[in-house]
Q: 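This is the structure, below, for whatever I ask next.
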Amino acid sequence: MLKRFISLALVCVLMLSFCSCGFISIDLANSLAIECIGVDYEEESEEYNVSILLLNTFMSAASPENISNENITKTFESSGKTVGEAFLGFEREFGKNLIITHNRLIIIGRAAAEHGLDDFMDVFVRNHSSRVTVPVAIAHEKAKDVVGADYGKGVIGAKLLAELLVHGQENSVVPETIVYKLINVMNDRTSSNFVPVIMTEETGEGDEKTTKASIGTAAVFREGKMVGVLSEEATKGYLFITDNVHLGELFIIDESDKKYMLSIVKSKTKINMEMKDGLPNYKINVECICDITENDKTTSGSFTNSMLEDIVEVYTEKIKGMMVQSLQGSISDYGSDIFRFGRRLWLKYPDLYSQMSGNWQEEVKSITTEINVSGKIRLLGEEAIHQY
């Protein structure tokens, strides 16, 4: 019994000693909890304008009738030659420390993205209070306009935008981009980033005016600088090529002008690389299984095998077209390897990689690709019709 008591006491002492080591206390009364961070770049002053969204924790727990956007959140701005200097400006203005740990999202303005990520992303990795799993997105224009927009009564903009991105990633609309993945690609000499773009537009009039946010496109980077934006279809093509399509919808129109909505059940992409005529050739094979969830004619008539074959042919060709658009819009147009083909070359042919990687942004334009897409219809939707 005495031995058990001594053992338990020793365990408790060890636990207390571990808890005391490396623990950083935070004085919440003298701190600012950030919900969202926006980074813009001003060409004339050569300064970064940082916007932060602060949450009023007392009002966020209030009843809906007492909530308005003016009292639940507040947006502030600060400028500096670096993002870190702008953060320091907030602390000097409010006399409080910044808590970045609770930040939900980093939004980068178009000018800052075009100026280059290398010049300001370091602070989000090196700062001990920053989380490297925070999602990153590009604003169509100014980041501060996205951060400070009114998205409706009682709506916390940062939460809405973060959930919009997560939903878009889960439903194969936009790629997942979080801080540490962004940095890893930046440190790869042949790879380029591909980051979702947030679009905003004002809706309603007068007191009912609010902002609507949407996603679907993504920004192409080359050597850390934004060089263009791919369309929604080309963005989805990227997701197919990189094996990041898990769920989602496809809308198709066949040759007889019949319309179908298909739900993606499963998609799998395999890429095999080989040398062809002395150059890297990438064979991209996609298998996509779908359910029919909508037909433009409500009918209980069965689909024939011929009809199903036509549907599969139409949607596989559509997927192939999306992939071609993605390859064209990134590699052919900008020499941007958002697919990380260079890394595959390094793994299989390291000597050839050493020769080509020094000028990969131009060398990648000479690679060839072969695309094959196969499909299958799993459920026709008639099961539900026949129940009644």
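When a residue number appears, it is its place in the shown sequence, counting from 1.
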Q: Which class fits the ring pair Tyr48 and His115: parallel under 30°, tilted 30 to 60°, perpendicular over 60°?
A: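 Geometry flag for His115 against Tyr48: perpendicular rings.
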
Q: Can you hop from Val265 to Tyr260 via hydrophobic side chains spaced under 4.5 Å?
A: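 No, no single cluster joins them.
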
Q: If you group Ile, Leu, Val, Met, Phe, Trp and Tyr whenever their side-chain heavy atoms sit less than 4.5 Å apart, what else falls in with Ile253?
A: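 When side chains under 4.5 Å apart are linked, the cluster holding Ile253 also contains Phe251, Met261.
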
Q: Do the side chains of Lys258 and Asp254 get close enough for a salt bridge, i.e. N-O under 4.0 angstrom?
A: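 Between Asp254 and Lys258 there is no salt bridge, as every charged N stays at least 4.0 Å from the carboxylate O atoms.
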
Q: Can you tell me how far the CE atom of Met307 sits from the CD1 atom of Ile292, to the nearest 0.5 Å?
A: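 Output value for this atom pair is 8.0 Å.
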
Q: Does the side chain of Pro196 come within less than 4.5 Å of Thr177's, by heavy atoms?
A: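 Side chain of Thr177 against side chain of Pro196, heavy atoms only: contact under 4.5 Å found.
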
Q: Any side-chain heavy atom of Met226 sitting closer than 4.5 Å to one from Ile108?
A: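 The answer is no, as the side chains (C-beta and beyond) never meet within the 4.5 Å cut-off.
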
Q: Can a donor-acceptor pair be found, under 3.5 Å and without considering hydrogens, that links the side chain of Asn127 to the backbone of Val123?
A: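 Looks like no, no N/O pair under 3.5 Å.
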
Q: Step through the shown structure and confirm whether more than 12 heavy atoms of other residues, nucleotides or ligands are within 6.0 Å of CZ on Phe94.
A: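 Counting neighbours around CZ of Phe94, more than 12 heavy atoms of other residues, nucleotides or ligands fall under 6.0 Å, so yes.
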
Q: Let's go through Cys290 and Tyr315 carefully: what are the C-alpha distance in whole Å and the side-chain angles of both, what is the deciding distance for side chain to side chain contact (heavy atoms under 4.5 Å, CB included) to 0.1 Å, and is it a yes or a no?
A: CA-CA 9 Å; Cys290 295; Tyr315 86 72; 3.8 Å; yes

Q: Is the count of non-hydrogen atoms from other residues, nucleotides or ligands lying under 6.0 Å from Lys259 atom NZ greater than 12?
A: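 Atom NZ in Lys259 is crowded, with more than 12 foreign heavy atoms closer than 6.0 Å.
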
Q: My understanding is that only residues two or more places apart in sequence, or in another chain, count here; which of them pass side chain to side chain donor-acceptor pair (under 3.5 Å) with Thr190?
A: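 Thr190: side chain to side chain donor-acceptor pair (under 3.5 Å) contacts with Asp188.
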
Q: Filter on ring-ring contact (aromatic ring centres under 6.0 Å, His included), then keep only pairs touching residues 200-240, sequence neighbours left out; what's left?
A: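 Of all non-adjacent pairs touching residues 200-240, those that pass ring-ring contact (aromatic ring centres under 6.0 Å, His included) are Phe194-Tyr238, Tyr238-Phe339.
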
Q: For Glu114, check salt bridge (Lys or Arg N to Asp or Glu O under 4.0 Å) against everything at least two apart and list the hits.
A: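 By the salt bridge (Lys or Arg N to Asp or Glu O under 4.0 Å) rule, Glu114 matches Arg110.
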
Q: Transitively linked via ILVMFWY side-chain contacts under 4.5 Å: Val286 with Ile271?
A: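 Yes: a chain of side-chain contacts under 4.5 Å links Val286 to Ile271.
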
Q: With the side chain counted from C-beta on, respond yes when Leu345 and Met356 share a heavy-atom pair under 4.5 Å apart, and no when they do not.
A: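 Touching, per the 4.5 Å side-chain cut-off.
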
Q: Can you see which heavy atom on Val174 is nearest to which on Gly216, and at what distance?
A: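 Smallest interatomic distance, heavy atoms only, reads CG1-N, 3.6 Å.
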
Q: Does Lys283 have any side chain to side chain donor-acceptor pair (under 3.5 Å) partners at least two apart in sequence or in another chain, and if so, which?
A: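 Lys283: side chain to side chain donor-acceptor pair (under 3.5 Å) contacts with Glu274.
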
Q: May I have the step-by-step check of side chain to side chain contact (heavy atoms under 4.5 Å, CB included) for Thr368 and Leu279, ending in yes or no?
A: CA-CA 8 Å; Thr368 56; Leu279 293 171; 5.6 Å; no

Q: What pairs with Asp291 under salt bridge (Lys or Arg N to Asp or Glu O under 4.0 Å), at least two apart in sequence or on another chain?
A: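 Testing Asp291 for salt bridge (Lys or Arg N to Asp or Glu O under 4.0 Å), a comparison that skips the adjacent residues, returns Arg378.
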
Q: What is the minimum heavy-atom distance between Leu161 and Ala213, and which atoms define it?
A: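 Shortest heavy-atom separation between Leu161 and Ala213 comes out as CD2-CB, 3.7 Å.
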
Q: Tell me, with the steps shown, if Gln328 and Asp333 meet side chain to side chain contact (heavy atoms under 4.5 Å, CB included).
A: CA-CA 6 Å; Gln328 174 70 39; Asp333 291 351; 3.0 Å; yes

Q: Atom CD of residue position Glu362 - does it have more than 12 heavy atoms of other residues, nucleotides or ligands inside 6.0 Å?
A: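 Yes, enclosed.
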
Q: Taking the side chain as everything from C-beta on, heavy atoms only, tell me whether Thr293 gets closer than 4.5 Å to Leu262.
A: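 When only atoms from C-beta onward are counted, Leu262 and Thr293 do not touch, as no gap falls below 4.5 Å.
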
Q: Determine, using the 4.5 Å side-chain heavy-atom cutoff (strictly less than), whether Val185 and Phe120 are members of one ILVMFWY cluster.
A: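 Each belongs to a different hydrophobic cluster.
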
Q: Applying side-chain hydrogen bond (donor to acceptor under 3.5 Å, both in side chains), which residue pairs with at least one partner in residues 77-87 are found, sequence neighbours left out?
A: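 Every side-chain hydrogen bond (donor to acceptor under 3.5 Å, both in side chains) pair that includes a residue of residues 77-87, provided the two are not neighbours, is Asn49-Glu77, Asn49-Ser79.
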
Q: May I ask you to check whether Phe76 and Phe90 place their ring centres under 6.0 Å from each other?
A: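 They do not qualify: ring centres at least 6.0 Å apart.
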
Q: Locate the shortest heavy-atom distance separating Met186 from Asp118; write the atom from each residue and the value.
A: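 Of all heavy-atom pairs spanning Met186 and Asp118, the closest is CE-OD1, 2.8 Å.
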
Q: Determine whether Phe303 and Asp310 make a side-chain contact, defined as any pair of heavy atoms from C-beta on separated by less than 4.5 Å.
A: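 Counting from C-beta outward, Phe303 and Asp310 never come under 4.5 Å.
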
Q: Are Ile107 and Cys36 packed together at the side-chain level, in the sense that at least one heavy-atom pair is separated by less than 4.5 angstrom?
A: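 Result yes, sub-4.5 Å side-chain heavy-atom pair found.
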
Q: Are Ile241 and Ile289 grouped together when hydrophobic residues (ILVMFWY) are joined by side-chain heavy atoms under 4.5 angstrom apart?
A: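 They do not share one cluster, since no chain of ILVMFWY contacts under 4.5 Å joins Ile241 to Ile289.
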
Q: First locate atom OH of Tyr151, then atom CG of Leu164, and finally report the distance between them rounded to the nearest 0.5 Å.
A: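 So the OH of Tyr151 and the CG of Leu164 are separated by 9.5 Å.
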
Q: Test your reading of the model: is there a side-chain donor-acceptor pair from Asn281 to the backbone of Lys276, 3.5 Å cut-off?
A: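 Between the backbone of Lys276 and the side chain of Asn281 there is no qualifying donor-acceptor contact (under 3.5 Å).
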
Q: In the structure I gave you, are the side-chain heavy atoms of Thr242 and Thr269 within less than 4.5 Å of one another anywhere?
A: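 No - every pair of side-chain heavy atoms lies 4.5 Å or more apart.
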
Q: Looking at side-chain heavy atoms only, is the closest gap between Arg189 and Tyr353 below 4.5 Å?
A: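 The answer is yes, as the side chains (C-beta and beyond) meet within the 4.5 Å cut-off.
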
Q: Could you tell me whether a side-chain N or O of Ser172 sits under 3.5 Å from a main-chain N or O of Leu247, the two making a donor and an acceptor?
A: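 At least one qualifying donor-acceptor pair exists.
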
Q: Test side chain to side chain contact (heavy atoms under 4.5 Å, CB included) on Lys266 and Glu287 and set out the steps.
A: CA-CA 8 Å; Lys266 181 181 178 181; Glu287 181 184 7; over 6 Å; no

Q: Nearest 0.5 Å, what's the CG-CD distance between Leu105 and Glu163?
A: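 So the CG of Leu105 and the CD of Glu163 are separated by 11.5 Å.
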
Q: Go through the structure and list residues passing salt bridge (Lys or Arg N to Asp or Glu O under 4.0 Å) with Arg344, not counting sequence neighbours.
A: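 Residues passing salt bridge (Lys or Arg N to Asp or Glu O under 4.0 Å) with Arg344: none at all.
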
Q: Would you check if there is a donor-acceptor pair between the side chains of Ser192 and Arg222 at a distance under 3.5 Å?
A: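 Side-chain D/A pair, Arg222 to Ser192: absent.
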
Q: If you look at every heavy atom in Asp40 and Gly109, which pair is closest and at what distance?
A: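 Shortest heavy-atom separation between Asp40 and Gly109 comes out as OD1-CA, 3.4 Å.
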
Q: Using every non-hydrogen atom in the two residues, find where Ser332 and Lys365 come nearest and quote the distance to one decimal.
A: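 That would be O-CE, 4.0 Å.
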
Q: Per the salt bridge (Lys or Arg N to Asp or Glu O under 4.0 Å) rule, what does the pair list look like for residues 166-180, sequence neighbours excluded?
A: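 Every pair satisfying salt bridge (Lys or Arg N to Asp or Glu O under 4.0 Å) with a residue in residues 166-180: Glu176-Lys181.
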
Q: Got a sec, which residues hit side chain to side chain donor-acceptor pair (under 3.5 Å) with Thr200, two or more places apart in sequence or on another chain?
A: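 With sequence neighbours excluded, Thr200 shows a side chain to side chain donor-acceptor pair (under 3.5 Å) to no residue whatsoever.
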
Q: Nearest 0.5 Å, please: how far is CD1 in Ile264 from CD1 in Ile319?
A: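 That separation rounds to 6.0 Å.
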
Q: Kindly write out the residues that satisfy salt bridge (Lys or Arg N to Asp or Glu O under 4.0 Å) with Lys268, not counting sequence neighbours, or none if the list is empty.
A: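 Expected list: Asp243.
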
Q: In this structure, would Ile371 and Leu239 fall into the same cluster of hydrophobic residues linked by side-chain contacts under 4.5 Å?
A: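 Yes; tracing contacts between hydrophobic side chains, which count when under 4.5 Å, links both residues.
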
Q: Within this structure, what is the NZ-CG distance for the pair Lys236 and Leu250, rounded to the nearest 0.5 Å?
A: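 Between Lys236 NZ and Leu250 CG, I get 6.0 Å after rounding to 0.5 Å.
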
Q: If every non-hydrogen atom of Ile331 is compared with every non-hydrogen atom of Ser336, which pair is closest and at what distance?
A: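 Ile331 and Ser336 have their closest heavy atoms at CG1-O, 3.5 Å.
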
Q: Counting neighbours of CD on Glu313 that are heavy atoms of other residues, nucleotides or ligands and sit closer than 6.0 Å, is the number greater than 12?
A: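 No - once you tally the heavy atoms of other residues, nucleotides and ligands closer than 6.0 Å, there are 12 at most.
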
Q: Find the distance between CE (Met199) and NZ (Lys212) and round it off to the nearest 0.5 Å.
A: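 Rounded to the nearest 0.5 Å, the CE-NZ separation comes out at 11.5 Å.
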
Q: Please name all residues satisfying side-chain contact (heavy atoms from CB on, under 4.5 Å) with Asn372, sequence neighbours left out, ordered by chain then number.
A: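 Scan of Asn372 (side-chain contact (heavy atoms from CB on, under 4.5 Å), adjacent residues dropped) gives Asn285.
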
